[in-house]
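Start at 1 and go down the list; that is how both ligands and their atoms are numbered. Quantities reported herein were computed from a predicted structural model and do not represent experimental measurements.
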Amino acid sequence: MDMEKTKSFEAAYLKHQVEDNYDRFMIIPYILIVICLLFLWRNLYSRVTDSYHTHADAYLLLWLALIVASIAFRVALPKVKAMGNVTRLDHLIFSFAITMCISAATLTSLDLAITSNYTAYAFTLLGAATAYRTSIAKYLVMVIVTFVYFNLFYFFVLDNNYSFSLIIPVLAFSTIATFIAVSLENNREQLVHLSSQLEYINLKLQEESIKDPLTTLYNRRYLNDFLQREIDDYKRTAAPLCLAICDLDYFKKINDNLGHLTGDDCLIAFANILKANSRTSDVQIRFGGEEFVIVMPRTNLDAAIQVVERIRRATESHQFDSIPWPITVSFGVTNITSQDDFDSLLDRADSFLYKAKRSGRNCVVSQL
Ligand SMILES: Nc1nc2c(ncn2[C@@H]2O[C@H](COP(=O)(O)OP(=O)(O)OP(=O)(O)O)[C@@H](O)[C@H]2O)c(=O)[nH]1
């Protein structure tokens with residue numbers, strides 16, 4: 001069960017991360033395109049005005065490649081999201097993040113031929129640490145792949161002499177960026193954990209506020225909302241609606257002779273009889289003490305009488321634990337009319353219940 005909970009939390013957390021990334025990565029390609037275009041313009045301009053760019057063509061290619069990658073990614077992103085596969089969307093964003101890091105490593109390698117300029121490397125890794133949300137494992141993969149690529153590109157492809165001091169800043173950026181990414185993601189995970197706990201507690205509290213703790217039936221607060229909704233529904237659709245009030249007979253005798261705990265057990269057992277003998281569309285409410293209400297939507301009076309008769313007989317024949325005498329219940333049942341409101345419907349059912357009590361109990365009284 002705990003494993004299942006952890007798995008579902010992980011799945012929900014991944015979805016949360018990917019959705020968060022999605023919003024940001026819908027904008028990032030535009031920013032990247034603007035930056036690329038600015039550098040592209042500078043690149044073309046400096047080509048004419050001065051010739052200090054050792055790798056002018058490589059720069060040009062890099063800016064163009066980044067523009068194409070950004071456009072392709074921006075076009076693909078909403079399409080992949082529409083497929084509804086979170087993992088695939090996650091992979092796509094991860095691939096783009098890696099592409100950005102590799103581009104930054106390429107750019108830094110080219111820049112280093114001119115001056116000690118690590119801006120692209122530092123900026124991209126730190127940017128990814130704050131803007132891109134992923135697992136620690138994936139972030140490490142990204143940082144290591146970028147680092148290895150940088151070394152291969154700078155020392156082997158560009159054929160520079162190996163220099164450890166040149167690598168130190170890159171290592172430092174990688175470490176700092178990883179540290180920032182890990183601590184930010186840990187904080188976010190804690191927040192999500194806390195908010196899901198709060199959501200759960202809130203749901204529980206909401207549920208408890210409408211339930212009777214002893215019988216677990218709905219309570220009067222729920223009746224107020226539910227019955228009003230059903231009455232409104234009746235006024236719109238004219239679908240029949242019935243309401244029954246019942247009260248256990250001589251309940252005080254149980255408390256007085258066998259104690260309150262036995263009385264409580266009797267209420268729980270009766271609530272179970274109510275649930276077992278009603279339809280799923282009916283709603284049972286503990287109205288107070290040993291008094292209960294049954295709301296029967298889309299039910300006419302004949303059918304409602306049949307339901308409560310069934311409950312009455314089931315109660316009469318039920319052997320209640322530790323109670324040596326039979327327990328019976330009296331009912332008042334009524335159906336809604338166009339003149340009714342919340343109070344008149346309840347009052348009429350209550351007056352029928354009163355009649356049932358006066359007629360000797362263990363019976364159903366309705367207007368029929
Ligand atoms: N054990 C227990 N008793 C309760 C609870 N709520 C109300 N009661 C008791 O239910 C009894 C109701 O007694 P009465 O209103 O005199 O009704 P009755 O004895 O059922 O008599 P009739 O309704 O006239 O048949 C009282 O003794 C209340 O204290 C509860 O949650 N648990």
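- Using the six-membered ring where Trp is involved, Y218 and Y222 have ring planes that are parallel, under 30° apart on the 30 and 60° scheme.
- Taking atom 6 (N) of ligand 1 as the reference point, the nearest protein heavy-atom neighbour is G289 CA, 3.2 Å.
- Which parts of ligand 1 touch G263 is read off a 4.0 Å heavy-atom cut-off, strictly below it: atoms 1 (N).
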N/O donor-acceptor pairs under 3.5 Å from side chains in residues 90-97, not counting sequence neighbours:
{"unit_1": "D90", "atom_1": "OD2", "unit_2": "K138", "atom_2": "NZ", "d": "2.5"}
{"unit_1": "S95", "atom_1": "OG", "unit_2": "H91", "atom_2": "O", "d": "2.6"}

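- Nearest non-hydrogen protein atom to atom 16 (O) of ligand 1 is K252 CD, 3.8 Å.
- With hydrogens left out, the protein atom closest to atom 26 (C) of ligand 1 is N255 ND2, 4.3 Å, a heavy atom.
- Of all the atoms in ligand 1, the ones that sit under 4.0 Å from a non-hydrogen atom of L248 are 20 (O), 23 (O), 25 (O).
- For F155 and Y162, the ring centers are positioned less than 6.0 Å apart.
- At a threshold of 4.0 Å, the pair E208-K211 does not count as salt-bridged, since none of the basic side-chain nitrogens sits closer than that to a carboxylate oxygen.
- Looking only at heavy atoms of the protein, atom 21 (O) of ligand 1 is closest to Y250 N, 3.6 Å.
- Considering only non-hydrogen protein atoms, atom 32 (N) of ligand 1 sits nearest to D264 OD1, 2.7 Å.
- Residue contacts with ligand 1 include R286, since one or more of its heavy atoms lies under 4.0 Å from the ligand.
- Residues forming a salt bridge (charged side-chain N to carboxylate O under 4.0 Å, His left out) with R358 (at least two apart in sequence, or on another chain): none.
- Distance from atom 24 (O) of ligand 1 to its nearest protein heavy atom, with residue and atom name: R361 NH2, 2.9 Å.
- Ionic pairing of D20 and R24 is present here: one or more N-O contacts between side-chain nitrogen and carboxylate oxygen are shorter than 4.0 angstrom.
- With ring centers used as reference points, F331 lies 6.0 Å or more from F352.
- Ranking the protein heavy atoms by distance from atom 22 (P) of ligand 1 puts K357 NZ, 3.5 Å first.
- Taking the six-membered ring for Trp and the full ring otherwise, Y132 and Y139 have centroids separated by 6.0 Å or more.
- Polar contact with ligand 1: absent for L267 (N/O pair, distance under 3.5 Å).
- Residue contacts with ligand 1: E290 is placed with a nitrogen or oxygen under 3.5 Å of a nitrogen or oxygen of the ligand (distance criterion only).
- In this structure, CZ in R298 is found 7.5 Å from OG1 in T237, a value given to the nearest 0.5 Å.
- Below 3.5 Å of separation, one finds an N or O of F251 facing an N or O of ligand 1.
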